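Below: one structure, written as structure tokens.
Source: prediction; values computed, not measured. Any value given below was found using the heavy atoms of this structure, including those in side chains, with hydrogens, waters and symmetry copies removed. First listed ligand is number 1; within each ligand, the first listed atom is number 1.
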Amino acid sequence: MNQEGKVPYVVTSKSFTAVAINAASKAGEWIKSKLGTVKQLDTKSGAPDLVTEVDKGAEQMIRKLIFTHFPDHALLGEEGVEPGPEASKKALEQALDEEYLWIVDPVDGTTNYVHGYPFFSVSIALAHKGEVIVGVIYDPSRDEMFVAEKGKGAYVHGKRMSVSQQETLNESLLATGFPVGRDTTLPQNMAGLNYLAPRVRNIRSGGSAALHLAYVASGRLTGYWEVGLNAWDLAAGSLMITESGGSITDTLGNPYHLGVRHVVATNGLIQQELVGALKEAKGTGE
Ligand code: 2AM
Ligand code: CA
């Protein structure tokens, strides 16, 4: 209902997933067209935490597209929230009261985007009463659209995705990341990296949490962990992981929920071993 108590006019009855895909592809195309043109660079919490007019414009675009179809829904977007873990936590808590909540990261991998390193994505999730029911991650550089629907599987290029088959850390290709927080999260991620590097096949750090999750879901990575993220980095990817047969928990091994900031996502087979290794490394962020 709107402020006058009337049910607002809804343009079509398009499915949630169709709207998510449309918004991600439109925003993705637009951010790609702006690559290399960023003029104004702001920093959020500190020098490494970049935000551009492209992040803000893309979020605005996604917001408009979603509200055209679902004017009653709520939206939590990275650019609408003050920087820092406390503000994120508070924004999420308020947003969780909403029946339908879209969770949007307009450019996941902004540092890459600013530097022209082609590993960034648009991440859009829809949660119903706190549970993610749609997740879409679009990589405009490779034109790859990853789509997951609760109970219906996860797809890339229209093909069903499934996680990889490695059974031990020893034969695993992992990824991690280094979000801002030089004094807080960086030492935790470094502790995990130090411990795991000699125990796995290799480790990558692409710079987009959402794409790392999509890569675990599609079997290109065996697992991924990172300390210090936000709901919008993880929400869409979390469903992709479970719908592809993988596991996603916090770094202590507890089930994933929208408030998780320290994440472990794998093919399922190495989940326990990776959680155990991070504990051993004192790299859980807890
Ligand atoms: P971003 O580009 O949207 O900021 C890289 O390690 C990952 O961490 C990226 O997904 C990046 O998303 C995210 N990241 C960077 N700074 C962050 C912050 N202050 N809080 C949470 N996530 C962050
Ligand atoms: Ca992000």
Side-chain angles (χ1 to χ4, degrees), residues 24 27-28 31 35 38 41-59 62 75-92 102-125 135-141 146 174-190 192-193 203-216 221 224-238 240-241 248 250-251 258-265 283 285:
I31 63 179
L35 194 60
V38 172
L41 207 54
D42 296 331
T43 57
K44 290 200 276 190
S45 54
D49 204 359
L50 305 173
V51 62
T52 70
E53 71 270 12
V54 177
D55 298 59
K56 293 175 192 160
E59 185 163 315
I62 294 166
L75 189 146
L76 174 70
E78 172 157 25
E79 303 315 327
V81 178
E82 290 294 310
E86 283 315 310
S88 308
K89 201 170 154 221
K90 207 167 149 210
L92 177 65
W102 293 83
I103 304 169
V104 173
D105 194 342
V107 184
D108 185 48
T110 302
T111 306
N112 286 344
Y113 184 77
V114 167
H115 285 258
Y117 185 90
F119 197 80
F120 48 85
S121 59
V122 181
S123 177
I124 300 179
V136 170
I137 297 171
Y138 181 54
D139 170 359
S141 310
F146 300 87
L174 300 187
T176 187
F178 308 101
V180 286
R182 283 184 175 161
D183 303 325
T184 51
T185 57
L186 185 61
Q188 294 288 316
N189 286 311
M190 290 308 288
L193 181 62
I203 301 185
R204 304 287 177 252
S205 182
S208 163
L211 271 187
H212 281 152
L213 292 170
Y215 277 29
V216 173
L221 288 168
Y224 161 70
W225 89 95
E226 187 162 345
V227 170
L229 297 171
N230 284 309
W232 44 80
D233 301 312
L234 299 171
S238 71
M240 227 156 265
I241 297 282
I248 180 162
D250 68 13
T251 45
L258 289 172
V260 167
R261 309 178 56 83
H262 311 325
V263 74
V264 177

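- Between atom OG of residue Ser208 and atom CG of residue Asp139 there is a gap of 8.0 Å, rounded to the nearest 0.5 Å.
- Contacts between Phe120 and ligand 1 below 4.0 angstrom, taking non-hydrogen atoms only, are absent altogether.
- Of all protein atoms, those of element N, O or S that lie under 3.0 Å from the Ca ion (ligand 2) number 3.
- Atom-to-atom distance recorded for Ile103:CD1 and Leu258:CG is 4.5 Å, nearest 0.5 angstrom.
- If you look at Tyr113 and Phe119, their ring centroids are not closer than 6.0 Å.
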**OP:** Decide yes or no on side chain to side chain donor-acceptor pair (under 3.5 Å) for Thr176 and Ser205, but give the supporting numbers first.
**Re:** CA-CA 5 Å; Thr176 187; Ser205 182; over 6 Å; no
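- Numbered from 1 in the order shown, with element, the atoms of ligand 1 that lie under 4.0 Å from a heavy atom of Asp105 read 3 (O).
- Shown in contact with Gly228 at under 4.0 Å from a heavy atom are these atoms of ligand 1, numbered in order with element: 20 (N), 21 (C), 22 (N).
- In this structure, CD1 in Ile31 is found 5.5 Å from CZ in Phe120, a value given to the nearest 0.5 Å.
- Under the 4.5 Å side-chain criterion, counting only non-hydrogen atoms from C-beta, Leu193 is in contact with Ile203.
- When side chains are defined from C-beta on, Trp232 counts as touching Leu76, because their heavy atoms get closer than 4.5 Å.
- The distance from the NE2 atom of His115 to the CG atom of Leu35 is 12.0 Å, given to the nearest 0.5 Å.
- The backbone and the side chain of Asp108 each have at least one atom closer than 4.0 Å to an atom of ligand 1 (non-hydrogen atoms only).
- Considering backbone and side-chain N/O of Asp233, one or more are found under 3.5 Å from N/O of ligand 1.
- Near Glu226, with a cut-off below 4.0 Å to any heavy atom, the atoms of ligand 1 are 5 (C), 6 (O), 7 (C), 8 (O).
- Between the side chain of Asp55 and the backbone N or O of Thr52, at least one donor-acceptor pair lies under 3.5 Å.
- Distance check, rounded to the nearest 0.5 Å: CZ of Arg261 to CG of Asp250 gives 12.5 Å.
- Set against the non-hydrogen atoms of Ala209, the atoms of ligand 1 under 4.0 Å away are 9 (C), 10 (O).
- Within the structure, ligand 1 has Val107 among the residues with a heavy atom less than 4.0 angstrom away.
- The Glu78 neighbourhood of ligand 1 comprises atoms 3 (O), 4 (O), with distances under 4.0 Å to a heavy atom of that residue.
- Remark: ligand 1 atoms within the under-4.0 Å shell around heavy atoms of Thr110 are 2 (O).
- With atom 15 (C) of ligand 1 as the reference point, the heavy atom nearest to it among Pro83, Ser121, Pro179 is part of Pro179.
- The two residues Met240 and Gly135 come nearest to each other via the heavy atoms CE-O, 3.4 Å.
- If you number the atoms of ligand 1 from 1 as listed, the ones under 4.0 Å from a heavy atom of Gly177 come out as 6 (O).
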**OP:** Before giving the answer on side chain to side chain donor-acceptor pair (under 3.5 Å), spell out for Ser88 and Asn230 the whole-Å C-alpha distance, their side-chain angles and the decisive distance to 0.1 Å.
**Re:** CA-CA 7 Å; Ser88 308; Asn230 284 309; 3.1 Å; yes
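- Of the polar atoms of Leu229, none of the N or O atoms is found under 3.5 Å from an N or O of ligand 1, judged by distance alone.
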